[in-house]
Amino acid sequence: MTSPGGRKGGRPGVLGVDSGGSGLRVALAVDGGRVTAPLTSAEPVRTGPRGIDAGHLLGQLVPMARRLMAGAGVGSLRAVAVGAAGFGTLGDALRAELPSALARDLGVRKLALAADAVTAYQGALGQRAGAIVAAGTGMIAIGTDLRSWRRADGWGHLLGDHGGGAWIGRAGLDAALRAHDGRPGGSLPLLVRAEELFGPVTALPGQLYPRTDRPAVLASFAPEVAACAAHDPVAAGILATAAGHIADSAAAVCPSGADAAPGEVRLALTGGLFGMGEPLLVPLRAALTDRLPHVRRVPAAGDPLTGAVRMAADLAEDHLALPRDPALLHVVSDSRDAANTSDNKGITDSGPVDGPSNTTDMTDGEAVTPARPPSSPNVHPRDRPA
């Protein structure tokens with residue numbers, strides 16, 4: 001059968017989608033394993049009163065999928081997996097509307113809708129017991145024993161994300177302001193860095209508070225904290241505390257080693273925050289060794305988009321072993337049934353919404369980059385609660 005938009009007589013494929021702060025990334029795997037270069041949308045999916053805007057996501061995804069299918073000679077999609085930042089708390093519209101819409105527009109029969117932390121897990125560790133920490137602007141830890149999921153933090157920059165880029169950047173700016181005021185805990189090197197990048201620190205509240213991208217601006221100062229850590233004990237202390245928070249979250253979600261052989265439970269770190277290098281990684285390795293001596297630390301095998309493609313391939317073969325969870329991994333085994341029983345109204349673009357359009361949950365795959373003045377932060381946040 002040829003799916004809508006597919007090539008008659010073409011090969012089957014599977015589609016992986018990563019929806020984050022920098023937009024949609026979409027990749028197609030052709031049966032046999034070849035994965036296309038990803039396409040990236042021009043803007044992130046909006047969030048409105050009903051949560052993640054399903055119509056806006058669909059309006060970007062369908063043309064991108066058709067373009068990839070035509071270029072790869074793919075006639076039908078055996079499965080699609082979508083990893084979306086904020087899916088756990090803001091994904092009701094996606095669960096309600098995407099199955100029938102993708103069945104109608106792309107002929108999709110099998111669909112997995114997941115929090116981007118779950119596709120990050122699949123990309124990093126595959127279908128084995130373990131845990132990951134995903135950190136960029138925000139920070140979330142997620143783990144599974146393949147029976148259920150556990151998550152820690154990822155609550156956004158106001159309520160959590162302890163140890164993430166925004167948390168480190170805020171702590172660094174706090175130390176700069178303390179030095180300016182003459183209060184204990186201040187750091188003159190961080191004050192100098194802050195004023196070089198943002199101007200007089202007395203103007204920071206007026207620059208920062210009105211912005212909708214505050215987490216990204218805060219996170220843009222995190223590399224400056226790392227740059228000062230070698231010669232500034234306050235900056236080094238901030239990173240040591242961040243490492244402790246990250247290790248605490250990892251320990252909260254990691255499967256117990258009581259019934260596992262040493263090294264059988266794996267932990268991977270993924271996300272741009274860890275690109276800051278040794279100033280953060282040295283205290284983090286020590287904290288993880290102290291809290292999780294039974295765990296084997298491994299490099300992440302792939303990113304969230306890699307995880308989405310692998311999830312779609314596993315779903316196509318009925319081999320998806322990761323645990324289902326209404327908030328984290330929602331699987332529809334034959335979404336054409338949903339299309340046949342829907343009211344056929346489809347999904348319409350709901351138009352602009354108030355508030356930030358690019359705040360998201362955990363992390364893009366990008367490094368946290370050196371700070372720029374708040375007029376042009378060079379960070380894409382994932383700062384919605386999962």
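The shown structure was predicted, so the numbers you read here are calculated from the model rather than taken from an experiment. Quick note: numbers below take in every heavy atom, side chains included, and nothing from hydrogens, waters or symmetry partners.
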Asks: Can you measure from NE2 (His330) to CG (Asp92) and round to the nearest 0.5 angstrom?
Replies: 10.5 Å
Asks: Are side-chain heavy atoms of Arg266 and Val295 found at a separation under 4.5 Å?
Replies: no
Asks: Taking atom CZ of Arg95 as the centre, does the number of heavy atoms from other residues, nucleotides or ligands within less than 6.0 Å exceed 12?
Replies: yes
Asks: Is there a continuous path of hydrophobic side-chain contacts, each under 4.5 Å between heavy atoms, that joins Val14 to Met311?
Replies: no
Asks: Kindly check if the number of other-residue, nucleotide or ligand heavy atoms within 6.0 Å of CZ (Arg50) is above 12?
Replies: no
Asks: Could you tell me if the side chain of Leu68 sits less than 4.5 Å from the side chain of Val74, heavy atoms only?
Replies: no
Asks: Check for me, please, whether Val253 and Val133 land in the same ILVMFWY cluster - side-chain distances under 4.5 Å, paths through other members count.
Replies: no
Asks: Do Gln207 and Leu204 come within less than 4.5 Å of each other through their side chains, counting heavy atoms only?
Replies: yes
Asks: Would Trp167 and His245 count as a close aromatic pair, with their ring centres under 6.0 Å?
Replies: yes
Asks: To check you understand the geometry: which heavy-atom pair defines the closest contact between Pro38 and Leu305, and what is its length?
Replies: CB-CD2, 3.6 Å
Asks: Quick check for you: to the nearest 0.5 Å, what is the distance between Tyr121 atom OH and Gln127 atom CD?
Replies: 10.0 Å
Asks: Could you check if a side-chain atom of Leu208 sits within less than 4.5 angstrom of a side-chain atom of Leu218, using non-hydrogen atoms only?
Replies: yes
Asks: Please name the pair of heavy atoms, one in Ala194 and one in Leu173, separated by the smallest distance, quoted to 0.1 Å.
Replies: CB-CD2, 4.0 Å
Asks: Please tell me if the side chains of His180 and Thr202 come closer than 4.5 Å, counting only heavy atoms from C-beta onward.
Replies: yes
Asks: For Ile142 versus Val118, what's the shortest heavy-atom pair and its separation?
Replies: CD1-CG2, 3.8 Å
Asks: Are side-chain heavy atoms of Leu113 and Leu329 found at a separation under 4.5 Å?
Replies: no
Asks: Indicate yes or no: at least one non-hydrogen side-chain atom of Leu239 is less than 4.5 angstrom from one of Ile168.
Replies: yes
Asks: So if you build clusters from Ile, Leu, Val, Met, Phe, Trp, Tyr with side-chain heavy-atom gaps below 4.5 Å, do Leu322 and Val298 land together?
Replies: yes
Asks: Taking all atoms of both residues into account, what is the closest heavy-atom pair of Met276 and Pro279, and its distance?
Replies: O-CD, 3.7 Å
Asks: Other residues, nucleotides and ligands only: do more than 12 of their heavy atoms fall within 6.0 Å of CZ on Arg324?
Replies: yes
Asks: Linking I/L/V/M/F/W/Y whenever their side-chain heavy atoms sit closer than 4.5 Å, directly or via other members, would Leu15 and Val62 fall into one cluster?
Replies: yes
Asks: May I ask you to establish whether Arg147 and Trp149 are in a cation-pi arrangement, using a distance under 6.0 Å from NZ or CZ to the six-membered ring centre and at most 45° from the ring axis?
Replies: no
Asks: So how far is it from Leu98 CG to Leu61 CG, rounded to the nearest 0.5 Å?
Replies: 8.0 Å
Asks: Answer yes when Lys110 and Asp314 have at least one side-chain N-carboxylate O distance shorter than 4.0 Å, and no when they do not.
Replies: no
Asks: Taking all non-hydrogen atoms of both residues into account, name the closest pair between Asp53 and Val45 and its distance.
Replies: O-CG1, 3.6 Å
Asks: State, to 0.1 Å, how close Pro283 and Glu278 come at their nearest heavy-atom pair, and which atoms those are.
Replies: CD-O, 3.9 Å
Asks: Counting C-beta onward and ignoring hydrogens, is there a side-chain heavy-atom pair between Leu77 and Pro12 closer than 4.5 Å?
Replies: no
Asks: Does the pair Arg291/Asp248 count as a salt bridge with the N-to-O cut at 4.0 Å?
Replies: yes
Asks: Got a sec: does the CZ of Arg170 have more than 12 other heavy atoms crowding it under 6.0 Å?
Replies: no
Asks: Answer with yes or no whether the side chains of Asp116 and Thr119 bring together a donor and an acceptor at under 3.5 Å.
Replies: no
Asks: Say whether Leu125 and Val309 are linked into one hydrophobic cluster, either directly or through other cluster members, by side-chain heavy-atom distances under 4.5 angstrom.
Replies: no
Asks: How long is the gap from CE on Met69 to CG on Leu106, to the nearest 0.5 Å?
Replies: 6.5 Å
